[in-house]
Amino acid sequence: MRIMILTGAGISAESGLGTFRNSGGMWSSYDLAEVATPQGFATDPDKVHDFYNARRKSVLSAEPNAAHIALARLERMLSGNVTIVTQNIDNLHERAGSRNIIHMHGEIVRALCNICRNRWDAPKTMRPDDACPKCGEAAIRPDVVWFGEIPYHLDHLDELLGTVELFVAIGTSGQVHPAAGFVQMAAASGARTLEINLEPTEITPYFDEVKFGTATSTVPAWVADLVSRL
Ligand code: OAD
Ligand code: ZN
């Protein structure tokens, strides 16, 4: 069975990484236009680097939780048939042992040159005057997708959504496109769909089945159930 698992900030919440849209979430303390758009970066690159430097530091000191670990186990059990598509820029899926991961919004631990598009492992701290190791220009940025930019790997995702048999969304509010539309694309391809989230979301009505609860309790239980029926 080909399974696509779409994850969002909710899966990393219990690892201590903040979500975006709850009260007290990232977008209530920071102005999205200032720190997560190309225009914001052009206006004040120091501020944007400070924001992502702080997030990189939090990610590196966080640990994968039981939900990340359960998904890695599922991938091992169903080798070759599980793809994790994450909107998260953290590396907790990798560190939990998952291998088949698509980072559609990029990765905080990678750097990107805005001039030559070179990518490399990010230093702990980035500054606007850091030079690209390939072209030497001071155009370094975190390798993350900002609002107004096109998410990564969309062609591949389109292909996967055309053949998926089970689509599961975990810990995402379903408010950011294109990921918010994946459930309908998967359903149109004949996939069964399951949402796992703390609470109902705007896209809950599109799923065949929903499970409400924290990721660390619901995801391991769901994986154990699925594995027991293999
Ligand atoms: P949101 O912050 O919008 O949504 C997180 C979801 O996780 C909410 O529906 C919460 O109810 C749920 N949640 C919170 N804690 C949970 C827990 N312990 N267990 C299970 N669910 C929990 O985050 P995303 O949907 O990931 O993009 O946001 C999508 C994109 O918007 C992000 O990738 C980021 C953001 O702006 C960019 O920066 C481009
Ligand atoms: Zn360069």
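Just so you know, these numbers come straight off a predicted model, no measurement behind them. Read the numbers this way: they start at 1 and go in the same order the structure lists the ligands and their atoms. Numbering starts at 1 and runs along the sequence shown.
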A.B. asks: Is any side-chain N of the basic residue among E199 and K211 closer than 4.0 Å to the acidic one's carboxylate O?
C.D. replies: no
A.B. asks: Of all the non-hydrogen atoms in the protein, which one sits nearest to atom 20 (C) of ligand 1, and at what distance?
C.D. replies: A215 N, 3.5 Å
A.B. asks: Out of all atoms in ligand 1, which are within 4.0 Å of some heavy atom of V145? Include the element for each.
C.D. replies: 39 (C)
A.B. asks: Taking the Zn ion (ligand 2) as the vertex, measure the angle between atom SG in C132 and atom SG in C116; round to 10°.
C.D. replies: 110°
A.B. asks: Just by distance, with hydrogens left out, do D90 and S12 show a side-chain donor and acceptor under 3.5 Å apart?
C.D. replies: yes
A.B. asks: Select one of side chain, backbone, both or neither to describe which atoms of W146 lie under 4.0 Å from any atom of ligand 1, heavy atoms only.
C.D. replies: neither
A.B. asks: Apply side chain to side chain donor-acceptor pair (under 3.5 Å) to the pair Y52 and D143, showing each step before the final yes or no.
C.D. replies: CA-CA 10 Å; Y52 287 99; D143 188 12; over 6 Å; no
A.B. asks: Indicate, as side chain, backbone, both or neither, the part of Q87 found under 4.0 angstrom from ligand 1 when only non-hydrogen atoms are considered.
C.D. replies: both
A.B. asks: Please report which non-hydrogen protein atom sits nearest to atom 32 (C) of ligand 1, along with the residue it belongs to and the distance in Å to one decimal place.
C.D. replies: F20 CE1, 3.5 Å
A.B. asks: So if I count the atoms of ligand 1 from 1 in the order they appear, which ones are less than 4.0 Å from some heavy atom of G8?
C.D. replies: 26 (O)
A.B. asks: Regarding atom 17 (C) of ligand 1: of the candidates P151, G106, G10, A9, which has the closest heavy atom?
C.D. replies: G10
A.B. asks: Is it the case that over 12 heavy atoms from other parts of the model lie below 6.0 angstrom from the CD1 atom of I150?
C.D. replies: no
A.B. asks: Within the 3.5 Å criterion, strictly below it, is a donor on E34 or T43 matched to an acceptor on the partner's side chain?
C.D. replies: no
A.B. asks: Looking at ligand 1, is there an atom of it that comes within less than 4.0 Å of some heavy atom belonging to A179?
C.D. replies: no
A.B. asks: Quick one: which ligand 1 atoms are inside 4.0 Å of a heavy atom on A13?
C.D. replies: 15 (N)
A.B. asks: Does a sphere of radius 6.0 Å around CG in D225 hold more than 12 heavy atoms from other residues, nucleotides or ligands, not counting ones at 6.0 Å or beyond?
C.D. replies: yes
A.B. asks: Please state which protein non-hydrogen atom is closest to atom 36 (O) of ligand 1 and give its distance, to 0.1 Å?
C.D. replies: W27 NE1, 2.8 Å
A.B. asks: What orientation do F41 and W146 show, parallel under 30°, tilted 30 to 60°, or perpendicular over 60°?
C.D. replies: tilted
A.B. asks: Which atoms of ligand 1 sit under 4.0 Å from any heavy atom of V176?
C.D. replies: 29 (C), 30 (C), 31 (O)
A.B. asks: Atom OH of residue position Y206 - does it have more than 12 heavy atoms of other residues, nucleotides or ligands inside 6.0 Å?
C.D. replies: no
A.B. asks: Would you call R192-E209 a salt bridge at under 4.0 Å N-O?
C.D. replies: yes
A.B. asks: Given T172, L198, V219, T216, which one has a non-hydrogen atom that is nearest to atom 15 (N) of ligand 1?
C.D. replies: L198
A.B. asks: Are any of the N/O atoms on T201, whether in the backbone or the side chain, positioned under 3.5 angstrom from an N/O atom of ligand 1?
C.D. replies: no
A.B. asks: Enumerate the atoms of ligand 1 whose separation from the nearest heavy atom of G171 is less than 4.0 angstrom.
C.D. replies: 5 (C), 6 (C), 7 (O), 21 (N)
A.B. asks: Got the closest protein heavy atom to atom 28 (O) of ligand 1, with its distance?
C.D. replies: R21 NH1, 3.2 Å
A.B. asks: Heavy atoms only: which of A36, A67, S173 is nearest to atom 4 (O) of ligand 1?
C.D. replies: S173
A.B. asks: Thinking salt bridges, do D50 and R127 make one under a 4.0 Å N-O criterion?
C.D. replies: yes
A.B. asks: Will you find, in the side chains of T125 and N53, an N or O donor that is under 3.5 Å from an N or O acceptor?
C.D. replies: no
A.B. asks: Of I11, N197, I203, which has the heavy atom at the shortest distance from atom 9 (O) of ligand 1?
C.D. replies: N197
A.B. asks: Applying the side-chain contact (heavy atoms from CB on, under 4.5 Å) criterion to T7, which one of V85, N88, T172 satisfies it?
C.D. replies: N88
A.B. asks: Quick one: nearest non-hydrogen protein atom to atom 37 (C) of ligand 1, plus distance?
C.D. replies: F147 CE1, 3.6 Å
A.B. asks: Under 6.0 Å from the ring centre and within 45 degrees of the ring axis: does the NZ or CZ of R141 meet both conditions for the six-membered ring of F51?
C.D. replies: no
A.B. asks: If hydrogens are left out, which of E199, E195, H105 has an atom nearest to atom 33 (O) of ligand 1, that is, the closest non-hydrogen atom?
C.D. replies: H105
A.B. asks: Number the atoms of ligand 1 from 1 as they appear, then name those within less than 4.0 Å of a heavy atom of T214, with their elements.
C.D. replies: 19 (N)
A.B. asks: Can you give me the SG-the Zn ion (ligand 2)-SG angle for C113 and C135, to 10°?
C.D. replies: 110°
A.B. asks: What I want to check is whether the side chains of S173 and T201 have a donor and an acceptor closer together than 3.5 Å.
C.D. replies: no
A.B. asks: Number the atoms of ligand 1 from 1 as they appear, then name those within less than 4.0 Å of a heavy atom of E14, with their elements.
C.D. replies: 17 (C), 18 (N), 19 (N)
